[in-house]
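In what follows, a single structure is set out as structure tokens and then discussed.
Each ligand, and each atom within it, is numbered from 1 in the order the structure gives.
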Amino acid sequence: MKESASASDPDAKSAMLEDFHSHLLKSRRIVALLGAGLSASSGLPTFRGAGGLWRTHDATSIATPQAFAADPAFVWQFYSYRRHMALNAKPNAAHYALAQLAKSTTKFLALSQNVDGLSQRAHHPPSKLKLLHGNLFDLKCSDAKCGYREPNNTTDPVVPILAIPQSGQDPTATATATEPNTNPLIRGLDISNPNHTLPSIPTASLPHCPQCRKSLLRPGVVWFGESLPTDVLADVDAFFSADEPIDLMLVVGTSSAVYPAAGYTQVARNKGARVAVVNPDPGSGRALDGKRDWFFCGDAAEILPEMLRPLVGDVRGVIDEKGDAD
Ligand code: BV8
């Protein structure tokens, strides 16, 4: 595996980048699998970051229909917190580089596991961005039979009672709980800190469906145990089953632990793709083939613009010019 020798070995690093660039320039069809690491340097926590915990709960256990049925207020506080952070975050250079690649001539499709909306705000063309796990800012009725959907609701909080509590609001707060919040994306108390008491919210005050007027609204994301959106799956399968090879697969900021998303890397490999992994975790390059693949060890926001420069130029210019589509 062509590995980006540590920063201390710039020669090996630039040799590998050159090798990657020569393949990139020959590539006609490219796919990218995107994960939470893509948005890490925008300040958004990854799923496995901080031990994968939100307060004392495993984030993957909150993102389930069972958790919503058992305690919809808690699950809404989790999603309202993530909506608040995502709205206060900004796309980084990696989001812009991928958006520029999508605008270049090459046939490119980005498969995103992220629900934070940052790729969209970096002007990534929607036809070349498949949201495998939905979007924090879409709302839908929790009763699938009702079918109500409300795309792109960026109201923060989605209902007043879900506002991030402000310091001093919690009379039972312990000393540590009154520590000033250090997270710049949170305006108020960082309720991911279990020392903060979560306000108790009656279900009646949670967002309800304006169509059936009986069921709760829920975030338009795919929960564990739920199938991915059929239209998205159809578009992705159409791209993969086209009678043309795939030349390059970019695997950016993902632990490749969640399926079916993680399975697409092998599908691309079966279509002839060489794989380039971008991740600071050396372990994430384990499954790579030494001769054909590349492992770029580091921050996607730093490395991806360099990797894609021959096709997208200097994205810094784009960031200044277009900035954030919020
Ligand atoms: C389904 C939305 C079936 C909600 C999410 C096969 C084998 C085993 C299990 C299964 C299987 N098939 C299905 C399953 C079950 C399950 C699953 O995969 N479980 C896992 C945990 C084992 N899959 C499902 O349930 C899927 N549904 O299969 O339905 C079905 C079929 C028909 C009918 C009915 C049902 C649905 C899965 C989708 C769940 N929803 N998100 C929400 O966000 O709240 S998944 C969610 O977690 C994210 O979307 C993402 O997919 C995943 C987190 O993974 P990553 O994004 O990779 O993030 P992570 O933190 O793990 O890693 C971050 C990486 O970034 C790290 O490697 C780190 O080193 C790196 N990094 C850090 N900083 C940087 C960086 N990289 C670059 N730069 C940096 N600066």
Side-chain angles (χ1 to χ4, degrees), residues 4 32-54 57-68 74-83 85-86 89 91-95 97-98 110-119 130-140 144 192 218-230 232-234 236 250-267 276-288 295-307:
S4 68
L33 179 65
L34 312 177
L38 172 65
S39 300
S41 61
S42 294
L44 297 182
T46 63
F47 256 73
R48 272 169 186 60
L53 291 180
W54 191 73
H57 292 73
D58 169 1
T60 53
S61 66
I62 306 174
T64 62
Q66 296 78 5
F68 190 72
F74 180 78
V75 173
W76 255 120
Q77 285 165 310
F78 171 62
Y79 282 102
S80 187
Y81 171 88
R82 292 173 61 193
R83 285 166 56 96
M85 286 183 71
N92 62 56
H95 295 103
L98 290 161
L111 313 181
S112 185
Q113 301 170 81
N114 297 344
V115 294
D116 56 30
L118 293 186
S119 288
K130 297 302 165 189
L131 302 176
L132 300 177
H133 298 161
N135 184 346
L136 278 173
F137 302 104
D138 291 349
L139 303 179
K140 63 181 184 179
S192 70
R218 55 164 281 182
V221 297
V222 177
W223 281 331
F224 287 94
E226 293 184 327
S227 67
L228 276 54
T230 40
V232 169
L233 285 175
V236 175
L250 302 170
V251 180
V252 181
T254 183
S255 57
S256 294
V258 171
Y259 287 79
Y264 286 121
T265 303
Q266 190 54 45
V267 178
V277 167
V278 184
N279 198 310
D281 165 13
S284 61
R286 245 192 324 278
L288 290 176
F295 178 53
F296 291 91
C297 188
D299 173 12
E302 289 299 316
I303 296 178
L304 208 54
E306 285 311 306
M307 291 167 65

At the 4.0 Å heavy-atom cut-off, does Arg82 count as touching ligand 1?
yes
The single option from Phe224, Trp223, Trp54 that satisfies side chain to side chain contact (heavy atoms under 4.5 Å, CB included) with Thr60 is Phe224
Contact summary for Val115 and Arg82, nearest pair of heavy atoms:
CG2-NH2, 3.5 Å
What pair of heavy atoms forms the shortest contact from Leu132 to Val222, and how long is it?
O-CG2, 3.7 Å
Could an N or O of ligand 1 be found under 3.5 Å from any N or O of Phe47, whether backbone or side chain?
yes
Is there a heavy atom in Gly263 that sits closer than 4.0 Å to ligand 1?
no
Would you check whether Ala261 reaches within less than 4.0 Å of ligand 1, judged by its heavy atoms?
no
Which of the atoms in ligand 1, numbered in the order shown and given with their element, are less than 4.0 Å from a heavy-atom of Tyr79?
4 (C), 42 (C), 44 (O)
Hey, is ligand 1 close enough to Val258 that some N/O pair sits below 3.5 Å?
no
Contacts of Lys140 meeting salt bridge (charged side-chain N to carboxylate O under 4.0 Å, His left out) (sequence neighbours excluded), chain-then-number -> none
Under 3.5 Å between any N/O of His133 and any N/O of ligand 1: does that happen in this structure?
yes
Checking heavy-atom distances from atom 18 (O) of ligand 1 to each of Trp54, Phe224, Tyr259, the winner is Tyr259
Geometric N/O contact Gly225 with ligand 1, under 3.5 angstrom
yes
Check: Asp116 main-chain N/O paired with Asn114 side-chain donor or acceptor under 3.5 Å:
no
Which atoms from ligand 1 have a heavy atom of Gln113 less than 4.0 Å away?
48 (C), 49 (O), 50 (C), 51 (O)
Val221-ligand 1 polar pair, N/O distance under 3.5 Å
no
Is Val222 near ligand 1, meaning one of its heavy atoms is under 4.0 Å from it?
yes
Could you check Phe78 against His57 for ring-ring contact (aromatic ring centres under 6.0 Å, His included), going step by step and ending with a plain yes or no?
CA-CA 10 Å; Phe78 171 62; His57 292 73; 9.4 Å; no
Any N/O of Asn114 closer than 3.5 Å to an N/O of ligand 1?
no
Do any nitrogen or oxygen atoms of Pro280 come within less than 3.5 Å of a nitrogen or oxygen of ligand 1?
no
Output the list of atoms in ligand 1 that are nearer than 4.0 Å to some heavy atom of Asp299, sorted by atom number.
78 (N), 79 (C), 80 (N)
Asp299 meets the side chain to side chain contact (heavy atoms under 4.5 Å, CB included) criterion, sequence neighbours left out, with Ser41, Ala301, Glu302
Can you name the closest pair of heavy atoms from Tyr264 and Leu233 and give their distance?
OH-CD2, 3.4 Å
Gly35 heavy atoms within 4.0 Å reach ligand 1 at atoms 56 (O)
If every non-hydrogen atom of Val252 is compared with every non-hydrogen atom of Ala300, which pair is closest and at what distance?
CG1-CB, 3.8 Å
Minimum heavy-atom distance Phe296-Ile303, with the two atoms named
CB-CG2, 3.8 Å
I'd like to check which ligand 1 atoms, numbered from 1 as shown, lie under 4.0 Å from a non-hydrogen atom of Gly298.
77 (C), 78 (N)
Closest by any non-hydrogen atom to atom 68 (C) of ligand 1: pick that one out of Asp281, Leu136, Asn279.
Asn279
Between His95 and Ser39: side-chain donor-acceptor atoms closer than 3.5 Å
yes
